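Here's a structure for you.
Predicted, not measured: the structure shown is a model, and the values here were computed from it. Reminder, nothing fancy here: chain letters follow the sequence lines and each chain counts from 1.
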There are 2 protein chains.
Amino acid sequence: MSRKAFQRLSLDDRRRSLMEATLVCVAQHGLHGATVRRIAEEADVTAGLVRHYFGSKDDMIRNAYAYLVGQLTTLASDSARRTEGEADLQLRQFLRANVTMPNLSEQKVSLWATFIGRVRYDPQFAEIHREGYREFLNLLEALVEPVLVAHKRPHSAAICKRHAIALNGLIDGLWMEGSLNAGLYSQALLPDILVEASERLLGLPPGSLSKPQTTQEH
Amino acid sequence: MSRKAFQRLSLDDRRRSLMEATLVCVAQHGLHGATVRRIAEEADVTAGLVRHYFGSKDDMIRNAYAYLVGQLTTLASDSARRTEGEADLQLRQFLRANVTMPNLSEQKVSLWATFIGRVRYDPQFAEIHREGYREFLNLLEALVEPVLVAHKRPHSAAICKRHAIALNGLIDGLWMEGSLNAGLYSQALLPDILVEASERLLGLPPGSLSKPQTTQEH
DNA sequence: CGGAAAATTATTCAATTGTATAACTACTGG
DNA sequence: CCAGTAGTTATACAATTGAATAATTTTCCG
């Protein structure tokens, strides 16, 4: 009887592989069902490796959470940055990216909720969350401010922050429900609902975000 | 050495006591840390009782989830119903009740998120969620419609539903973040942000919900 | 009051968990 | 091509888990 054949991976690759396997297992089976053995199987390695790359199972899970948070904001942020054009278009694209694939995935929403549930009572999760939230809010403020300026709306720092908070709430709420209630209403409506609602929250003229004046050539 | 003295409770009381202990444990330690023994200790009984009142630990947890969902909508709904007056006031009160105590409790948000994380991959949780969501949406639609009528805004069934979805997203999002980021901005702002944002979402004149014309006598 | 039914406790058990350790094997540099 | 090292597997173990069963106590009705 021979041992399992295996391949050596670089430290970064193996860690990422383990974190992604962790996310898959947490999504499918919850934090309580994501056992070291199951995660190892998902990553196609044996359980011992976990302790070799992470201090403990909990340490690996925390790293996976931070990995997920970073992925979510990066995806939306990149989508906005890739969009050339005026402020309206960039904000619009950022909003839409948050409620369309790949960010609007049921797995990601499940994961996010599962981890959020631990934030209150686990200081280490709280720290990861706080950092991610702050980063997301800053991104949002930076996108909102030029839009307000362009439309000659009040745009003090305090106002921008307040708008960012409300928008963030709206995004998270719709994002979650969009994937939770996939069957109840079409997911195609979500970006429109979000963009239209955002216009109103910011006090912009109807259509300024939803039907941008500059036609996009490609 | 004598046995622990105990008291016999009615079926309803004991079940509720166990469900509440379950919620406390799930909030504090997550689904993975909410063991039968810990829950039993929290309820001040021994572990065996769980199987006597519920088919299994999982069955008890599902019942506790349904119990929580019912509690949340009931609290907000009752608060609105208790408010006498026109449609504006009732909607306003319903909105505010969702982002103030006792609904805005960090424990409840933690619990809600934890359970939501299981909805996607556990059909039984999905069923509980679906029912609760539908009920909440119906409540919201019923509150929104007369407000739209009073302000002579479009109020077809489809429009009401769309508004209810957006409002629900906004509520959930702000509700969550309000308790997650308690330190970052004052929770006292939340009801105002929500009411003001809702006005805009519904296309109501500014202040129609936030500064209702009819002064409340008491 | 007394005794039967039901609620609750106490104990036990097999299975699973996270982790520690030892054995092995793939890769790298000379 | 060959050894050393570190990545990886395999095995072992104590602790904890959910559940099942037996023993005991409370309560209530006649």
Side-chain angles (χ1 to χ4, degrees), chain A residues 1-65 114 118 122 124-125, chain B residues 1-65 114 118 122 124-125:
Chain A
M1 52 207 234
S2 70
R3 287 197 157 200
K4 174 187 174 192
F6 63 89
Q7 197 183 353
R8 302 171 83 147
L9 256 58
S10 79
L11 186 137
D12 279 353
D13 285 348
R14 182 61 77 196
R15 280 177 64 95
R16 188 165 345 126
S17 158
L18 280 171
M19 288 190 293
E20 278 165 2
T22 301
L23 293 181
V24 168
C25 288
V26 171
Q28 286 182 357
H29 310 104
L31 275 176
H32 60 291
T35 66
V36 170
R37 284 165 178 79
R38 229 200 287 256
I39 293 170
E41 188 188 18
E42 175 72 31
D44 200 34
V45 294
T46 51
L49 257 201
V50 165
R51 286 261 314 154
H52 194 265
Y53 282 97
F54 300 91
S56 66
K57 176 204 173 191
D58 285 343
D59 182 45
M60 181 170 68
I61 289 185
R62 279 191 295 268
N63 277 279
Y65 173 41
T114 299
R118 302 290 338 115
D122 183 325
Q124 320 211 51
F125 276 87
Chain B
M1 51 205 238
S2 68
R3 286 197 156 200
K4 174 189 174 190
F6 63 91
Q7 194 183 356
R8 301 171 85 143
L9 256 57
S10 80
L11 188 137
D12 279 354
D13 285 347
R14 182 62 78 196
R15 280 177 63 97
R16 188 166 345 125
S17 158
L18 281 170
M19 288 190 293
E20 278 166 2
T22 302
L23 293 181
V24 168
C25 288
V26 170
Q28 286 183 355
H29 310 103
L31 275 175
H32 61 290
T35 67
V36 171
R37 284 168 178 78
R38 228 199 289 255
I39 294 170
E41 189 189 15
E42 174 73 31
D44 200 35
V45 293
T46 52
L49 257 200
V50 165
R51 286 261 312 154
H52 193 263
Y53 281 96
F54 300 91
S56 66
K57 176 203 173 190
D58 286 344
D59 182 44
M60 179 169 69
I61 288 185
R62 279 191 295 270
N63 278 90
Y65 174 40
T114 299
R118 302 288 341 113
D122 184 323
Q124 320 210 51
F125 276 87

Self-check item: All side-chain hydrogen bond (donor to acceptor under 3.5 Å, both in side chains) counterparts of A:E42, not counting sequence neighbours
Solution: none
Practice problem: With DNA chain D as reference, determine whether B:G55 or A:L9 sits nearer its 5' end, using the nearest nucleotide of each. | Solution: A:L9
Practice problem: Identify, with sequence neighbours excluded, every residue that meets side-chain contact (heavy atoms from CB on, under 4.5 Å) alongside B:A43. | Solution: B:S17, B:L18, B:A21, B:V45
Practice problem: Could you list all the salt bridge (Lys or Arg N to Asp or Glu O under 4.0 Å) pairs where at least one residue sits in residues 5-20 of chain A, not counting sequence neighbours? | Solution: A:D13-A:R16
Quiz item: Between A:H52 (NE2) and D:dA10 (C1'), how many Å, whole number?
Solution: 15 Å
Practice problem: With sequence neighbours left out, write down each residue that passes side-chain hydrogen bond (donor to acceptor under 3.5 Å, both in side chains) with B:D59, or none if nothing qualifies. | Solution: none
Quiz item: Checking all strands, does A:V45 fall into the base, sugar-phosphate, or nothing category for heavy-atom contacts under 4.0 angstrom?
Solution: sugar-phosphate
Self-check item: Contact letters for nucleotides 23-30 of chain C, in which S counts primed atoms plus P, OP1 and OP2 and B counts the base, heavy atoms under 4.0 Å
Solution: BSSBS---
Quiz item: Which residues pass the salt bridge (charged side-chain N to carboxylate O under 4.0 Å, His left out) test with A:D44, sequence neighbours left out?
Solution: A:K4
Exercise. Quickly work out the A:F54 CZ to D:dT8 P distance and round it to whole Å.
Key: 12 Å
Practice problem: Quick one: list whatever passes ring-ring contact (aromatic ring centres under 6.0 Å, His included) with A:Y53, sequence neighbours left out. | Solution: none
Self-check item: Stretch residues 29-39 of chain A: residues that reach within less than 4.0 Å of DNA chain C through a heavy atom
Solution: A:T35, A:V36, A:R37
Exercise. Starting at atom NZ of B:K57, determine the distance to atom P of D:dT17, rounded to an integer number of angstrom.
Key: 9 Å
Quiz item: What residues in residues 11-22 of chain A put a non-hydrogen atom under 4.0 Å from any atom of DNA chain D?
Solution: A:R14
Quiz item: Does B:Y53 have a side-chain nitrogen or oxygen under 4.0 Å from the phosphate oxygens OP1 or OP2 of C:dT8?
Solution: yes
Practice problem: Please assess A:M60 against A:I39 for the test side-chain contact (heavy atoms from CB on, under 4.5 Å), listing each intermediate value before the final yes or no. | Solution: CA-CA 10 Å; A:M60 181 170 68; A:I39 293 170; 3.8 Å; yes
Self-check item: Full working for side-chain contact (heavy atoms from CB on, under 4.5 Å) between A:M19 and A:F54
Solution: CA-CA 10 Å; A:M19 288 190 293; A:F54 300 91; 3.9 Å; yes
Quiz item: Between D:dT25 atom C1' and B:L49 atom CG, what is the distance in whole Å?
Solution: 13 Å
Quiz item: With a 4.5 Å heavy-atom cut-off, do A:I61 and A:F125 have their side chains touching?
Solution: yes
Quiz item: Does anything in residues 28-40 of chain A pair up under salt bridge (Lys or Arg N to Asp or Glu O under 4.0 Å), and if so which pairs, sequence neighbours excluded?
Solution: none
Quiz item: What pairs meet the ring pair (Phe, Tyr, Trp, His ring centres under 6.0 Å) rule with one or both residues in residues 6-37 of chain B, with sequence neighbours excluded?
Solution: none
